[in-house]
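All residue numbers refer to positions in the sequence shown, counting from 1.
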Amino acid sequence: MFEMQTQKNNMTFSTTFKLNKKLVFWSLIFAVSILYLTTTKLFGWQILSPGYKKDVETFTATDFKYYEKYFKYKGLDVGKTLVYLPKSTVEIINNKSATFTTGDIITLRIILHNKNGDVLNEGGDFLKVWMSEKGKGAGSAGYVVDHGNGTYIGVIRALWSGSPNIKISLSFAKESIGLYVNYIYRNGMLRTVQGIFKNARGETGQGLCGIHTRTKHGICDFTSLNYGMRWFCLLPNAPGFDCSDWYSITGDMTVPTFTQSQIQFLSSTRYKIIKEIKVDVLGDKTIGHPEHSCSLINPSVTWNISSPVGYLYNKTWHNLLCQKVEPSFNRYLACLRNREIYMVGDSTVRDWLISMADILNVTRTTGTLKGHHQPIKNFSKNKRDNITITWTAHEFPFFTYTPNGTIHHFKPASYHLNVIRTKNPIVVLHWYIHIGYAPLSVYEEHVMNAKDAIVKFLDRAPGAKIFIKGPHYFEQYGEGVPYDFVRYLHDKMIFKIFDNIKHKVVYLNEWDITVSSENKDLHPPYDLRKPMIHELLSYIC
């Protein structure tokens, strides 16, 4: 009996020990897993393993609010909704004689018809109105009001005497916008970005990146690495990679966005002239210019005015908000001495750095101008001037064709504002083309991130000058982004977000100058960038 009890106790001990070993083993695995996930999150990334429940929506309430009426345009079965320009009409409604005096407002009624000749019973098409007179190197932008029933009102101002042409064009049909809205609703972004991974063995692989998860399997959450703004990448479809192996991105041009018939439709329905109307403008050669210096006006003025904010005459840009300083190398040097200029944005802002380097005669010593997006820093040739100009790419999403710009080159305004330590820096911020591939809520998220950082930064550095560079006009026929529509929504969003600090931040309207000059280039040419830079410097000097 005793022997049997002892044997039973020994068996119990042995079984318990084996069970405890399993318990210890799985406890260790659990602890290591928790440590792993915690550590990875601390270092800015986190893997969402199979079955991990984390839903990140492509669209938010913001997107649905602004995109709702375009969702119904899913394909090319446009029926009676598509505008037919030969049957559409434009007329001047406030002066049938088409004769005006310098300073007058010219009002146009635009009525869109379909191929059957019927007036469209809904709005949503994006129109553009501007005025030009080639012989005088003159141009100005107007604006259009959509009444939602196929009727639009165009408003433009006579800013110089002569015989200019008023031009009205269809920038984007509502059906074109519908293709864009529905595509990004399904896919998250219009363009495909691949994350490049390289493991300890030197093996490389790629995984799809975007602004939402799309799948729960093998997803790396890089939101914290993107400074709190959503960003995710799939692990490569091969063993031996983890999230810490991500080091670069590249744009994937092999993924078709639209079908050939859709691309043909997009090309055939955008940037089409509806009508040109010649008018006569009498009176003074040009309207009077403002007396207040741009450097002395309240920045809120730059936010609270509709087109035109300026005009071209003799191929010279005239600001209607304030008096620009005469371009002067010595004046600029005296104004910018011992100052740091930071530009955060895309390649169009990088072009600004090139133009500014030329205007200020500074030397580029770090970074290259093509091939990747590593930061570029310029220094004044004379060390006593102590002027520094830096450009850096904004955060993800950022589409680049080359893989040699590492992930550490893409940082938001919040990062740069936090590291700037000079007393009175100048900061230019810009988001447009790359974020135009994504839903409006992504833009909202990024601008909010920057706005919060700007508020804290100005408390720490009240002598700083902050500029928001607005979108510019250009034309892309085969691509699916309806940029006039995107620009309109971006302006609505950024004006709302910055409403309570507009008196501290200057908004640089680059739309009017690029419309006035009839620019078609994604990267405006040097002759157009130069007056933009002089206008920027006028707000500083």
> Does Lys134 come within less than 4.0 Å of Glu518, counting only side-chain N to carboxylate O?
Replying inline: yes

>> Rounded at 0.5 Å granularity, tell me how far CE in Met532 sits from CE in Met356.
In response: 13.0 Å

>> Is it the case that the ring center of Phe172 lies less than 6.0 angstrom away from the ring center of Tyr483?
In response: no

> Is it true that the NZ or CZ of Lys520 lies under 6.0 Å from the centre of Tyr271's six-membered ring and within 45 degrees of the ring axis?
Replying inline: no

> So do the side chains of Asn319 and Glu535 get within less than 4.5 Å of each other, counting heavy atoms only?
Replying inline: yes

>> Students often mix this up, so state it plainly: with edges at 30° and 60°, are the rings of Tyr432 and Phe474 parallel, tilted or perpendicular?
In response: perpendicular

>> Check for me whether the distance between the ring centres of Phe485 and Tyr70 falls short of 6.0 Å.
In response: yes

>> On a heavy-atom basis, which atom in Leu112 and which in Ser88 lie closest, and how many Å separate them?
In response: CA-OG, 3.5 Å

>> Treating Asn226 as the side-chain partner and Phe396 as the backbone partner, does any N or O pair qualify as donor plus acceptor under 3.5 Å?
In response: yes

> Between Asp63 (side chain) and Leu440 (backbone), is there a donor-acceptor pair under 3.5 Å?
Replying inline: yes

> What distance do His113 atom NE2 and Thr89 atom OG1 have between them, rounded to the nearest 0.5 Å?
Replying inline: 5.0 Å

> When the ring planes of His373 and Trp391 are compared, do they come out parallel, tilted or perpendicular, using 30° and 60° as the limits?
Replying inline: tilted

> Under 2.5 Å between the SG atoms of Cys209 and Cys233?
Replying inline: yes

>> Tell me whether the rings of Phe498 and Trp303 are parallel (<30°), tilted (30 to 60°) or perpendicular (>60°).
In response: parallel

> Looking only at atom types and distance, does a side-chain atom of Thr302 sit under 3.5 Å from a main-chain N or O of Tyr507, one as donor and one as acceptor?
Replying inline: yes

> Which pairs pass salt bridge (Lys or Arg N to Asp or Glu O under 4.0 Å) with one or both residues in residues 256-275, sequence neighbours excluded?
Replying inline: none

> In terms of side-chain geometry, is the basic nitrogen of Lys530 or Asp527 positioned less than 4.0 Å from the acidic oxygen of its partner?
Replying inline: no

> Which class fits the ring pair Tyr342 and His416: parallel under 30°, tilted 30 to 60°, perpendicular over 60°?
Replying inline: tilted

> Out of curiosity, Thr348 OG1 to Met343 CE, how far, rounded to the nearest 0.5 Å?
Replying inline: 10.5 Å

